[in-house]
Colleague: 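Provided herewith is a single structure, encoded as structure tokens, for subsequent inquiry.
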Amino acid sequence: MRIALAAVTSMTIAASLVAQSPALPSDINAESLSRLPVVARESLDAEGQRIYDFIGGRGGTPPKTGPGGVSLHSPAGAEAIQMLNQALRKTVIGTKYFEISALVGAREFDQQYEWSGHEPAALRAGVDQAAIDAIKFDRDVAALEEKSATVILMGRQLFRGTHQLNAELWAQAVRLFGPQGALEVTMVMGDYAMAAVMLNAVNQQLPPGRPALLPARR
């Protein structure tokens, strides 16, 4: 009797979760959660399989969702994107400002998948919630510490208006991060902007259980 009750309870919970899950758009693949199917290793030529294994890393299998899974539809591009991202994760600006730069790129393209992965990562890296909220809600940065404010303002100048960075802000970035660091801030932003455009194109959905942390713009 207890086993039967447990089975009924489990089925009820599962049915409830299914009922609560929002329906996917009609053009979204149920496995990749995007407009593209998951790439099968056997569908690739020898070079593509080498790249597939490189993207998979120690786990052996690339992710089914996100930039790693989507970009494998262009194996050479996927390898270059992966190598660039790995290089930038060793940036001289450090993990904290890497994450701020990544969030700036994600927010400028309203990329929910990227944002929902990098907001928790930013908190783990020591980014203040106030800095995260300034990016998320497009708030004034005057009260933030100088480095965080500088990165956010750089992104706003580069992604908006004339897309130009003024001389004063560039000089400030060089003073705070050095020439290499100032440049790498923009490289990280560009990397995550590129990924955001790609994910937006295929309408990448969030995996089950991953909260949507990026609100719609007002």
Colleague: Would you call R107 and E114 a salt bridge, taking side-chain N to carboxylate O under 4.0 Å as the test?
Modeller: no
Colleague: Does L169 offer a backbone N or O that forms a donor-acceptor pair with the side chain of N166 under 3.5 Å?
Modeller: yes
Colleague: Decide side chain to side chain contact (heavy atoms under 4.5 Å, CB included) for M189 and M154; before the verdict, give the C-alpha distance in whole Å, the side-chain angles of both, and the deciding distance to 0.1 Å.
Modeller: CA-CA 10 Å; M189 290 179 186; M154 289 173 72; 4.2 Å; yes
Colleague: List the steps, then state whether side chain to side chain donor-acceptor pair (under 3.5 Å) holds for D27 with N203.
Modeller: CA-CA 9 Å; D27 63 343; N203 196 13; 4.8 Å; no
Colleague: Looking only at non-hydrogen atoms, find the nearest pair between K96 and G126 and report the distance.
Modeller: CE-O, 3.7 Å
Colleague: For Y192 and F98, take the angle between the two ring planes, folded into 0 to 90°, and tell me which bin it lands in: parallel under 30, tilted 30 to 60, perpendicular over 60.
Modeller: perpendicular
Colleague: Other hydrophobic cluster members with I55, side-chain heavy atoms of Ile/Leu/Val/Met/Phe/Trp/Tyr under 4.5 Å, chained?
Modeller: V39, L44, I51, Y52, F54, L72, M83
Colleague: Would you say the side-chain atoms of Q205 pair up with the backbone N or O of L33, donor to acceptor, closer than 3.5 Å?
Modeller: no
Colleague: With side chains defined as the heavy atoms from C-beta onward, is the minimum distance between P75 and E47 less than 4.5 Å?
Modeller: no
Colleague: Is the shortest distance from a Lys or Arg side-chain nitrogen in R124 or E119 to a carboxylate oxygen in the other one below 4.0 Å?
Modeller: no
Colleague: Might you point out which heavy atoms bring A125 and T95 nearest each other, and give the distance in Å?
Modeller: CB-CG2, 3.6 Å
Colleague: My understanding is that only one of K64, E31, H73 makes a side chain to side chain contact (heavy atoms under 4.5 Å, CB included) with P37; could you say which?
Modeller: H73
Colleague: Is there a continuous path of hydrophobic side-chain contacts, each under 4.5 Å between heavy atoms, that joins F109 to W115?
Modeller: yes
Colleague: List in chain and number order the residues that pass side chain to side chain donor-acceptor pair (under 3.5 Å) with Q82, two or more places apart in sequence or in another chain; answer none if no residue qualifies.
Modeller: none
Colleague: Taking D138 first and then R217, would you say they form a salt bridge - that is, a charged N and a carboxylate O separated by under 4.0 Å?
Modeller: no
Colleague: Atom CG of D45 and atom CZ of R50: how far apart are they, to the nearest 0.5 Å?
Modeller: 10.5 Å
Colleague: Going by heavy atoms in the side chains, are R156 and V141 under 4.5 Å from each other?
Modeller: yes
Colleague: Return the OG to CD distance between S101 and E184, rounded to the nearest 0.5 Å.
Modeller: 10.0 Å
Colleague: Compare every heavy atom of W170 with every heavy atom of L183, then report the nearest pair and how far apart it is.
Modeller: N-CH2, 4.0 Å
Colleague: Please give me the minimum heavy-atom distance between S116 and L206, naming the atom from each residue.
Modeller: OG-CD2, 3.2 Å
Colleague: Is a salt bridge present between R160 and E108, judged by a nitrogen-to-oxygen distance below 4.0 Å?
Modeller: yes
Colleague: Closer than 3.5 angstrom, by distance alone: can the side chain of S74 be matched with the main-chain N or O of S71 as a donor-acceptor pair?
Modeller: no
Colleague: Short question: side chain of E99, backbone of L123 - any donor-acceptor pair under 3.5 Å?
Modeller: no
Colleague: Please check: side-chain N/O of H163 versus main-chain N/O of L158, any donor-acceptor pairing under 3.5 Å?
Modeller: yes
Colleague: With distance as the sole test, does D140 use its side chain to make a donor-acceptor pair with the main-chain N or O of A142 at under 3.5 Å?
Modeller: yes
Colleague: Step by step, work out the side chain to side chain contact (heavy atoms under 4.5 Å, CB included) result for L153 and Q157.
Modeller: CA-CA 6 Å; L153 291 175; Q157 286 192 10; 5.6 Å; no
Colleague: Of the non-hydrogen atoms in H118 and A102, which two are nearest, and what is the gap between them?
Modeller: ND1-CB, 4.1 Å
Colleague: Can any side-chain N or O of S148 pair as donor or acceptor with the backbone N or O of L144 at less than 3.5 Å?
Modeller: no
Colleague: Does any part of the side chain of R35, heavy atoms only, come nearer than 4.5 Å to the side chain of N29, both counted from C-beta?
Modeller: no
Colleague: What's the shortest heavy-atom distance between N200 and Q111, and which atoms?
Modeller: OD1-NE2, 2.8 Å
Colleague: Y113: what forms a ring pair (Phe, Tyr, Trp, His ring centres under 6.0 Å) with it, not counting sequence neighbours?
Modeller: none
